[in-house]
Amino acid sequence: IAGTSHVPLSELGFHLDKFRGHDPLYISCRSGVRSMTAAKTLQRLGVVANPVNVGGGILGWQSQGNPVVGVPAT
């Protein structure tokens with residue numbers, strides 16, 4: 001999705017300061033499962049008060065006809 005940053009869930013802890021103060025913060029992954037984990041983690045740590053998991057992830061985004069940059073997810 002244009003204008004987004006890619007941060008693997010396994011590296012989330014290294015980027016906490018990057019997300020502080022961005023509220024709400026929209027979080028996505030391929031299908032929505034890992035991003036839900038990331039959203040809950042950021043909220044529990046007090047980094048973001050109202051994280052928003054993009055339901056269905058990038059696959060859901062694409063299925064609604066929204067644009068992606070680069071190669072579409074499969």
Side-chain angles (χ1 to χ4, degrees):
I1 301 172
T4 62
S5 300
H6 175 76
V7 177
L9 182 59
S10 62
E11 298 177 15
L12 185 64
F14 297 111
H15 299 272
L16 299 180
D17 287 337
K18 178 180 184 176
F19 301 124
R20 283 187 209 284
H22 293 278
D23 210 358
L25 179 69
Y26 292 84
I27 305 170
S28 66
C29 66
R30 182 178 174 275
S31 64
V33 177
R34 287 173 300 218
S35 56
M36 183 176 293
T37 300
K40 287 179 181 180
T41 299
L42 290 170
Q43 188 173 35
R44 286 183 185 142
L45 292 175
V47 175
V48 179
N50 298 300
V52 177
N53 180 43
V54 177
I58 299 299
L59 293 175
W61 176 266
Q62 288 176 171
S63 73
Q64 294 178 13
N66 294 307
V68 294
V69 176
V71 179
T74 57

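Val33 and Ile58 are not part of a single hydrophobic cluster, where members link through side-chain heavy atoms under 4.5 Å apart. Hydrophobic clustering, with ILVMFWY side chains joined whenever heavy atoms are under 4.5 angstrom apart, groups Leu16 together with Leu25. A chain of hydrophobic side-chain contacts below 4.5 Å, direct or via other Ile, Leu, Val, Met, Phe, Trp or Tyr residues, connects Val54 to Val52.
Within a 6.0 Å sphere centred on NZ of Lys40, heavy atoms belonging to other residues, nucleotides or ligands number 12 at most.
Not a single donor-acceptor pair under 3.5 Å links the side chain of Asn50 to the backbone N or O of Asp23. In this structure, the side chain of Gln43 engages the main chain of Ala49 through a donor-acceptor pair within 3.5 Å. A donor-acceptor pair under 3.5 Å links the side-chain atoms of Trp61 to the main chain of Pro67, judged by distance alone.
When all heavy atoms of Gly32 and Cys29 are compared, the closest pair comes out as N-SG, 3.0 Å. The minimum heavy-atom distance linking Val7 with His15 is given by the pair CG1-CD2, 3.4 Å. When all heavy atoms are compared, the tightest approach of Ile27 to Ala38 is CG2-CB, 4.1 Å. Shown here for His22 and Val48, the closest heavy-atom pair between the two residues is O-CG1, 3.6 Å. In plain terms, the two heavy atoms of Met36 and Asn53 that are nearest each other are N-OD1, 3.3 Å.
Counting heavy atoms from C-beta outward, Leu12 and Phe19 have side chains that approach closer than 4.5 Å. Counting only heavy atoms from C-beta outward, the side chains of Asp17 and Arg20 approach each other to under 4.5 Å.
Between the CD1 atom in Ile1 and the NE2 atom in His6 there is a gap of 13.0 Å [rounded to 0.5 Å]. With rounding to the nearest 0.5 angstrom, the CZ atom of Arg34 is 10.0 Å from the OG atom of Ser28.
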